[in-house]
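Below you'll find the structure I mean.
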Amino acid sequence: MENKNIYPFDEIEPKWQKFWRDNRLFNVDTDKHQNKYYCLMMFPYPSAALHVGHGRNYIIGDVVARYKMMRDFNVLTPMGWDAFGLPAENAAIKGGLNPKISTLNNIQTMKRQLRQWGVEYDWDREVTSCLPDYYKWTQWIFVKLYEKGLAYKKKAFVNWCPSCKTVLANEQVVNGSCERCDTEVTQKDLEQWFFKITHYAERLLNDLDKLTEWPERVKIMQRHWIGRSEGVEINFKIDGMAETLKCFTTRIDTIFGATFIALAPEHPLVDTLVRGCKDEKKVSSQIQKMRDESKIDRAQDTVEKIGVFTGRYVINPANNERVPIWVSNYILMEYGTGAIMAVPAHDQRDFEFAKRYKLPIRVVIDDTKKHLDPNTMEEAHIGDGVMVNSGQFNGLESKVAVERIAGYFEEKRFGKRSIQYKLRDWLISRQRYWGAPIPIIYCVRCGTLPVPEKDLPVLLPEDVEFRPTGESPLKLSKDFVNTKCPKCGNEGASRETDTMDTFVDSSWYFLRYITPNLNDRPFDTALVNKWLPVDQYIGGIEHAILHLMYSRFITKFFSDIGVVSFDEPFKNLFTQGMIVKDGAKMSKSKGNVVSPDELIKKYGADTVRLYTLFIGPPEKDAEWSDRGVEGAYRFLGRVWRLVEKVQTSSLRSAEGAEAISESEIASLPLAARNDALKRKIHRTIKKVTEDLDSGFHFNTAISAIMELVNEIYAVTAPDSGILQEAIETTIVLLSPIVPHIAEEMWQMMGKRNSIFRLKWLAYDGSLLVEKIITMPIQVNGKLRSKIDVAINAREDELKEKVLSDPKIKGIVQDKRIKNFIIVPNKLVNIVV
RNA sequence: GCCGAAGUGAUGGAAUGGCAGACAUGUCGGUCUCAAAAACCGAUGUCCUUGCGGACAUGAGGGUUCGACUCCCUCCUUCGGCACCA
């Protein structure tokens with residue numbers, strides 16, 4: 001445990017953390033919005049404590065904030081807590097901990113951890129989503145959406161544990177069973193609240209193109225999630241009934257190959273169709289079994305495709321055939337119309353289903369390469385081809401047929417062109433306590449009513465009981481449920497007991513930071529319009545779809561109702577990778593959590609910060625290694641000793657001049673050494689600046705600074721002015737990354753002000769280039785030799801020099817030179 | 001299953017069409033020391049070779065190119081998301 005001797009981080013760090021706070025370095029006057037820079041990190045859920053994996057997010061954000069400050073921006077960097085959620089409620093049920101108390105305790109712990117990391121925020125703007133001053137406005141959003149017809153109620157299924165009599169989150173369902181009691185989970189349908197995000201599907205899709213500074217992979221994932229597809233909605237007449245059945249297809253060209261219809265088990269017509277048919281009881285019970293199956297498994301295609309014939313038929317309008325109607329678990333009610341026309345020859349899932357139940361397979365698009373035979377086909381032919389067995393459309397290219405048949409169907413009124421999205425409306429109801437109550441009152445006379453704005457917030461009652469019975473504590477609280485009707489004053493009205501999905505809380509918090517204490521409005525429109533969109537949003541890739549999509553949706557809604565003037569919330573997005581340990585995401589249950597507290601105690605926050613950033617490219621996952629932390633610590637020791645040495649201005653001489661390294665710089669004459677060091681300084685400034693400006697390449701920025709430090713040590717007896725410049729450069733370039741040691745060393749160098757009040761360094765472009773470069777010479781693409789040449793040497797000179805090189809001469813000999821490729825100032829390749 | 005990523009020494013990684021392995025970690029050897037720690041110096045992809053040097057090498061296989069870790073195709077493995085974890 002001799003670590004402490006390297007440098008006194010334990011004295012330095014608390015001192016500077018206090019200094020930054022006392023001098024309000026991170027506190028922003030939002031009225032001064034010229035040159036604003038809004039740097040936002042995804043706010044955390046306050047679980048027990050932060051681990052080094054969380055730290056990556058906040059450290060990156062802190063480095064960006066400090067760097068932008070030095071680039072003269074007015075930086076706003078706030079923090080808050082996504083404080084509602086399932087874990088606190090589960091802990092309450094298990095251990096009797098009050099969710100509010102445990103959550104607020106966790107917040108205190110995490111806040112202390114952030115401070116010890118040297119991660120600073122404008123804490124005057126802290127928001128906590130579980131406190132009434134915040135969730136009042138979450139409820140206000142619900143009311144606004146309700147008023148615009150964008151919040152509505154419909155039946156939807158939940159995972160239900162029949163033994164615990166409780167609704168389960170997907171996470172609580174393990175292999176189709178309840179995580180607590182292992183009982184098989186069933187599906188139960190409940191009336192639930194939805195936000196109509198599908199109303200914004202087209203805009204959410206199209207506006208992705210505006211987000212030029214978002215990672216391409218995130219935009220691709222969102223595009224697929226929205227899942228726009230063009231096709232035809234067909235009206236099938238049901239044989240012997242008045243009803244019609246709507247099916248959506250993107251492959252109307254295969255309509256003549258439809259050999260059965262498949263409905264989702266939840267399809268509203270299923271019960272009507274089955275009624276009175278042969279084996280009604282048996283069929284109904286099979287359908288019920290499918291309905292009970294886990295939605296998760298069904299959507300993920302991990303369950304066997306099963307089905308049952310309803311006994312009914314539809315008429316295919318294209319050819320007047322009777323087509324049997326089946327019910328199957330591979331059809332999802334949530335997508336399209338919940339019913340499909342199945343074409344086994346040209347859809348793989350339909351193919352497998354047809355094989356299993358011996359349903360006919362009819363080829364209607366022939367493969368142009370190989371004639372298709374339904375009896376010998378081993379898989380569906382999903383590609384294009386030539387139309388066959390398709391009446392008047394035979395012989396057409398299938399791609400052409402899509403358009404022709406769609407036109408024909410519209411003309412004959414068999415159906416119409418339509419656009420479908422995979423995106424579904426956002427189910428926000430949770431049958432839980434620890435969330436923002438949905439501000440709705442049910443009155444026997446007046447019906448469903450939103451809580452008037454003046455009565456908000458609908459407070460969560462605190463004197464509730466947590467019982468493991470599964471019933472939400474809100475339902476049991478008479479004081480909460482029983483209320484007056486806001487319209488007619490009737491005493492017998494009751495409150496909605498569902499709370500909102502925590503994604504609602506997190507879909508607007510970035511707006512609240514601007515005016516966090518307003519109590520008559522969610523935020524100040526004029527000021528928000530000055531400070532948003534967020535200039536840089538930083539968070540985990542796991543939020544690529546849901547959180548970001550919901551935030552975009554709410555922002556667009558706000559834009560529509562005129563409370564903000566922009567319609568995309570985040571201009572730049574950076575998604576960092578996860579830090580894993582032993583190949584797995586850090587989690588308490590896996591027991592692979594690395595706590596920052598001990599590491600900071602042992603090595604200091606700067607070391608932990610440096611290692612976290614040096615570990616690898618920040619957008620990629622990285623494996624945590626405690627050994628790597630020591631390396632970072634040693635490097636800071638090396639940096640620390642630079643200041644001690646600057647006074648004597650003799651680096652290597654003090655440590656034994658005999659041990660001169662073979663470094664290129666050290667072997668040069670004195671003047672050239674000084675030039676080389678000067679060049680290294682400016683190259684490093686350039687490299688670090690570029691790495692921070694584009695893509696946050698902290699790992700390569702740090703290695704560039706390491707190289708500079710190595711060079712400083714390698715130069716014997718350098719010019720003291722250049723030495724001073726080299727050391728100051730090192731400190732400034734490191735300062736956003738390791739702020740405490742940088743501040744301390746800056747003072748030791750005789751400076752007065754905080755280093756973060758300093759302007760970032762500029763490099764001198766004229767100092768970057770060398771006059772002589774070493775050029776690699778390849779023969780047939782293989783490296784054979786290297787020669788030193790003047791920069792921008794003439795081609796013929798270069799050619800002559802290369803061919804007179806003894807190694808090259810030996811290889812080329814009298815072989816014929818086919819090609820002589822010169823990449824200017826980079827490389828030569830001779831092809832023989 | 002679908003969607004999105006990633007695979008390079010013993011390890012984290014660098015190089016985005018031009019010298020593969022920068023910068024670190026680890027290991028080995030050395031300097032200093034009574035000793036250790038710290039610090040400093042050196043070696044370190046694999047194989048062949050006393051040496052000079054050479055061959056091979058970026059998950060596997062194929063392709064494009066004067067030249068491929070980088071671009072294209074097929075496959076394998078790992079990770080993230082899949083709508084009630086946040």
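The chains referred to below are lettered A, B, ... by the order of the sequence lines, with proteins before strands, and numbering in each begins at 1.
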message = Which nucleotide wins on minimum distance to the side chain of L546(A), given the candidates A39(B), A86(B), C79(B)?
response = A86(B)
task = Using heavy atoms to find the nearest nucleotide of RNA chain B for F43(A) and G781(A) separately, return the residue whose nucleotide is more 5′.
result = G781(A)
task = Taking the side chain as every heavy atom from C-beta outward, state whether V218(A) and I541(A) have any atom pair closer than 4.5 Å.
result = yes
ask   = Under 4.0 Å: is that the gap between some side-chain N or O of R784(A) and OP1 or OP2 of C19(B)?
value = no
task = Quote, to the nearest angstrom, the C1' distance that separates A37(B) from G18(B).
result = 46 Å
ask   = Nearest to the side chain of S703(A) - C23(B), C19(B), A14(B)?
value = C23(B)
task = Rounded to the nearest angstrom, tell me the gap between atom CZ in F195(A) and atom C1' in C84(B).
result = 15 Å
note = Per ring pair (Phe, Tyr, Trp, His ring centres under 6.0 Å), Y134(A) is matched among F43(A), W508(A), Y509(A) by W508(A)
query = Would you say M79(A) and P44(A) make side-chain contact, with heavy atoms under 4.5 Å?
reply = yes
ask   = Once you round it to whole Å, what is the distance between P of C79(B) and CD of E542(A)?
value = 16 Å
ask   = Mind checking who G51(B) pairs with, Watson-Crick or G-U wobble, both distances under 3.5 Å?
value = none
key: Assigned partner base of A20(B), Watson-Crick or wobble definition, under 3.5 Å   = none
query = If we take the P atom in both G45(B) and A38(B), what is their distance in whole Å?
reply = 25 Å
Length of the line joining I226(A):CD1 and A83(B):C1', which is rounded to integer Å = 13 Å
key: N or O in side chain of R217(A) less than 4.0 angstrom from A5(B) OP1/OP2   = no
request  = Kindly point out which of C85(B), C23(B), C84(B) is positioned nearest to the side chain of L86(A)?
outcome  = C85(B)
ask   = W225(A) has a side chain; which of A83(B), A15(B), G26(B) sits nearest to it?
value = A83(B)
message = Applying a 4.0 Å non-hydrogen cut-off, can you work out what I705(A) is touching in the nucleic acid: base, sugar-phosphate, or nothing?
response = nothing
request  = Under 4.0 Å between any heavy atoms, over every strand shown, what does N710(A) touch: base, sugar-phosphate, or nothing? Just pick one.
outcome  = sugar-phosphate
task = Assess the pair W426(A) and F503(A): is the distance between their ring centroids shorter than 6.0 Å?
result = no
Pair assignment for G9(B), Watson-Crick or G-U wobble, requiring both distances under 3.5 Å = none
Spacing between Q576(A) atom CD and A5(B) atom P, to the nearest angstrom = 18 Å
query = For K422(A), which contact category applies under a 4.0 Å heavy-atom criterion: base, sugar-phosphate, or nothing?
reply = base
query = Rounding to a whole Å, what distance do you find between F635(A):CZ and C23(B):P?
reply = 13 Å
task = With the side chain of R432(A) defined as its heavy atoms from C-beta on, choose the nearest nucleotide among G4(B), A83(B), C84(B).
result = C84(B)
query = L610(A) has an atom CG; how far is it from atom C1' of U25(B), in whole Å?
reply = 13 Å
message = Can a donor-acceptor pair be found, under 3.5 Å and without considering hydrogens, that links the side chain of R56(A) to the backbone of G577(A)?
response = yes
task = For U16(B) and C71(B), measure between their P atoms and round to the nearest Å.
result = 12 Å
query = Where does G9(B) land, syn or anti, once you apply the within-90°-of-0 test for syn?
reply = syn
note = Using Watson-Crick geometry (N1-N3 plus N6-O4 or O6-N4) or G-U wobble (N1-O2, O6-N3), each under 3.5 Å, A83(B) is paired with none
message = Could you identify the nucleotide paired to U70(B), looking across every strand shown and requiring Watson-Crick or G-U wobble geometry with both distances under 3.5 Å?
response = none
request  = Identify which nucleotide among C23(B), G12(B), A20(B) has an atom closest to any side-chain atom of I615(A), counting heavy atoms from C-beta outward.
outcome  = G12(B)
request  = Please state how far atom CZ in R56(A) lies from atom C1' in G12(B), giving the value in whole angstrom units.
outcome  = 11 Å
key: Position toward the 5' end of RNA chain B (nearest nucleotide), T774(A) or M221(A)   = M221(A)
task = State whether the distance check finds a donor on one side and an acceptor on the other, under 3.5 Å, for side chain N819(A) versus base C66(B).
result = no
inquiry  = From C-beta outward on F503(A), which listed nucleotide comes closest to its side chain: A83(B), A86(B), A20(B)?
reply    = A86(B)
query = Checking ring pair (Phe, Tyr, Trp, His ring centres under 6.0 Å) for the pair F696(A)/F574(A): CA distance, chi angles, key distance, verdict?
reply = CA-CA 9 Å; F696(A) 300 154; F574(A) 185 82; 4.9 Å; yes
query = Are any of R634(A)'s side-chain N or O atoms less than 4.0 Å away from OP1 or OP2 of G26(B)?
reply = yes
request  = Compare side-chain N and O positions of K818(A) against OP1 and OP2 of G67(B) and report whether any pair is under 4.0 Å apart.
outcome  = no
query = Considering only A20(B), A14(B), A55(B), which nucleotide approaches the side chain of K620(A) most closely?
reply = A14(B)
request  = Look at the side chain of Q431(A) and decide which nucleotide, out of A24(B), C84(B), G18(B), has an atom nearest to it.
outcome  = C84(B)
note = Closest of U25(B), A6(B), A20(B) to the R627(A) side chain is U25(B)
inquiry  = Under a 3.5 Å cut-off for both contacts, is U31(B) paired Watson-Crick or G-U wobble with anything, and if yes, with which nucleotide?
reply    = A39(B)
ask   = Whole-Å distance between A6(B) P and I541(A) CD1?
value = 11 Å
query = Are any non-hydrogen side-chain atoms of Y330(A) and E352(A) less than 4.5 angstrom apart?
reply = no
ask   = Side-chain N or O of H547(A) less than 4.0 angstrom from OP1 or OP2 on A86(B)?
value = no
ask   = Is a side-chain donor or acceptor of D425(A) paired with a backbone partner of F194(A) at a separation under 3.5 angstrom?
value = no
